[in-house]
Amino acid sequence: MYPTAPPDDEKYAADHNHQNVANPVPAPGLNNPSVLRTYTPPPYAYNTQPSGHVRGSWSTGLCHCFDDPANCMITAFCPCITFGQIAEIVSQGSTSCASQGVCYGILLATTANACLYSCFYRSRLRGQYDLEEAPCVDCLVHFCCATCALCQEYRELRNRGFDMGIGWEANMDRRRRGVTAAPSVVPGMTR
């Protein structure tokens, strides 16, 4: 059922920070000690991140609406606008703000599944920027507080240099020309 690992595989696994090389694990499901064989699980089962890799954290917290109160008000009253802007940037222009906003609005008005649709884009955003899944799983964040989740995603993209009001193509055009967004000023700082 489970092959015995040859010595070359043990060396390969040790090179990739493998943890079970020194203490091979008995093959599961075999209770007869005479048939018991040991195996070394493949290195990818335990070491999915490069050594020393730390997942990035969000630039703002989930409930930091005071960072951008205007966007939070727009999101509270018409979340389809914010979602459309996020979806266009996250999908790298393959979908438009308007089409995604309309889809989200229809789902929001007719079903309770708009949070499932928006959590998909949160997962894509996290994957693109290697962000941690915090404070809990994406779908639960969108189910419990979709407004705060959308605002956090909006702020994350804005803090990464995107002008959310102009869409993907205009942002890429600015980057090609070397135009960058003005630095944000943290309120309350003095000289």
Side-chain angles (χ1 to χ4, degrees), residues 49 53-191:
Q49 296 292 331
H53 179 77
V54 178
R55 293 191 76 93
S57 59
W58 292 84
S59 60
T60 62
L62 183 63
C63 298
H64 285 158
C65 281
F66 57 85
D67 289 344
D68 191 0
N71 179 55
C72 288
M73 292 299 291
I74 290 170
T75 306
F77 290 107
C78 191
C80 51
I81 293 172
T82 304
F83 176 76
Q85 292 172 330
I86 293 167
E88 183 177 1
I89 300 295
V90 170
S91 67
Q92 299 176 346
S94 65
T95 60
S96 71
C97 172
S99 67
Q100 291 303 309
V102 168
C103 286
Y104 186 82
I106 290 170
L107 284 172
L108 192 60
T110 59
T111 68
N113 294 331
C115 62
L116 295 176
Y117 187 55
S118 57
C119 83
F120 169 72
Y121 281 93
R122 183 178 180 91
S123 297
R124 284 184 68 180
L125 174 69
R126 281 189 324 93
Q128 287 175 357
Y129 296 107
D130 200 25
L131 298 169
E132 61 189 354
E133 191 169 23
C136 55
V137 295
D138 297 333
C139 286
L140 193 57
V141 170
H142 272 271
F143 180 75
C144 293
C145 192
T147 303
C148 292
L150 289 172
C151 287
Q152 183 186 33
E153 294 157 21
Y154 182 95
R155 288 190 307 268
E156 185 67 34
L157 290 169
R158 188 196 62 211
N159 292 344
R160 291 182 180 270
F162 289 101
D163 183 347
M164 300 299 289
I166 63 173
W168 174 258
E169 289 299 325
N171 274 294
M172 292 301 101
D173 191 40
R174 279 186 177 181
R175 289 185 180 190
R176 280 189 292 272
R177 289 183 294 153
V179 177
T180 58
S184 61
V185 178
V186 178
M189 293 185 70
T190 59
R191 290 183 178 232

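All heavy atoms count here, side chains included; hydrogens, waters and symmetry mates do not. Position 1 is the first residue of the sequence, and the numbers go up from there. Being a predicted model, the structure only gives us computed values, none of them experimental.
- Residues forming a salt bridge (charged side-chain N to carboxylate O under 4.0 Å, His left out) with Arg155 (at least two apart in sequence, or on another chain): none.
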Evaluate the side chain to side chain contact (heavy atoms under 4.5 Å, CB included) criterion for residues Met164 and Ile86: first the C-alpha distance (whole Å), next the side-chain angles of each, then the deciding distance (0.1 Å), finally the verdict.
CA-CA 8 Å; Met164 300 299 289; Ile86 293 167; 4.2 Å; yes

Checking side chain to side chain contact (heavy atoms under 4.5 Å, CB included) for the pair Leu116/His142: CA distance, chi angles, key distance, verdict?
CA-CA 7 Å; Leu116 295 176; His142 272 271; over 6 Å; no

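- Annotation: side chain to side chain donor-acceptor pair (under 3.5 Å) contacts of Ser59 (sequence neighbours excluded): Glu156, Asn159.
- If you take CD1 on Ile89 and OG1 on Thr95, they are separated by 10.0 Å, rounding to the nearest 0.5 Å.
- Listed by first and then second residue, the salt bridge (charged side-chain N to carboxylate O under 4.0 Å, His left out) pairs that reach into residues 106-120 come to none, sequence neighbours excluded.
- The minimum heavy-atom distance between Glu132 and Trp58, with the atom names listed, is O-NE1, 3.0 Å.
- Judged as a disulfide bond (SG atoms under 2.5 Å apart), the pairs with a partner in residues 74-136 (not counting sequence neighbours) are, in order, Cys119-Cys139.
- A side chain to side chain contact (heavy atoms under 4.5 Å, CB included) with Cys63 holds for exactly one of Cys72, Cys145, Cys148; it is Cys148.
- Taking 4.5 Å as the limit, every side-chain heavy atom of Thr147 sits out of range of all side-chain heavy atoms of Pro79.
- By the side-chain contact (heavy atoms from CB on, under 4.5 Å) test, Met172 is found to be paired with Phe162, Trp168, Arg175, Arg176, residues two or more places apart in sequence or in another chain being considered.
- Residues Ala170 and Ile166 come closest through the heavy atom pair CB-O, 3.4 Å.
- Sorted by first and then second residue, the pairs that involve residues 94-135 and meet ring-ring contact (aromatic ring centres under 6.0 Å, His included), not counting sequence neighbours, are Phe83-Tyr104, Phe83-Tyr117, Phe83-Tyr121, Tyr117-Tyr121.
- Taking the side chain as every heavy atom from C-beta outward, Cys151 and Asn71 approach each other to under 4.5 Å.
- Between Ser118 and Leu150, the closest heavy-atom pair is CB-CD2, 4.5 Å.
- Scanning for side-chain contact (heavy atoms from CB on, under 4.5 Å) contacts around Ser123 gives Asp138, with sequence neighbours left out.
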Which pairs would a plain distance check flag for residues 105-112, meaning a side-chain donor or acceptor within less than 3.5 Å of a matching protein atom at least two apart in sequence or in another chain?
unit_1	atom_1	unit_2	atom_2	d
Thr110	OG1	Ile106	O	2.6
Thr111	OG1	Leu107	O	2.9
Thr111	OG1	Asn113	N	3.1

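- To the nearest 0.5 Å, the span separating OG1 on Thr82 from CE on Met73 amounts to 12.0 Å.
- Every residue meeting the salt bridge (charged side-chain N to carboxylate O under 4.0 Å, His left out) condition with Glu153, not counting sequence neighbours, appears here in chain and number order: Arg122.
- Closest heavy-atom contact between Ala149 and Val141: CB-CG1, 3.6 Å.
- Applying the salt bridge (charged side-chain N to carboxylate O under 4.0 Å, His left out) definition to pairs two or more places apart or across chains, none involves residues 88-111.
- Here the CD-CG distance, from Gln128 to Leu157, works out to 8.0 Å after rounding to the nearest 0.5 Å.
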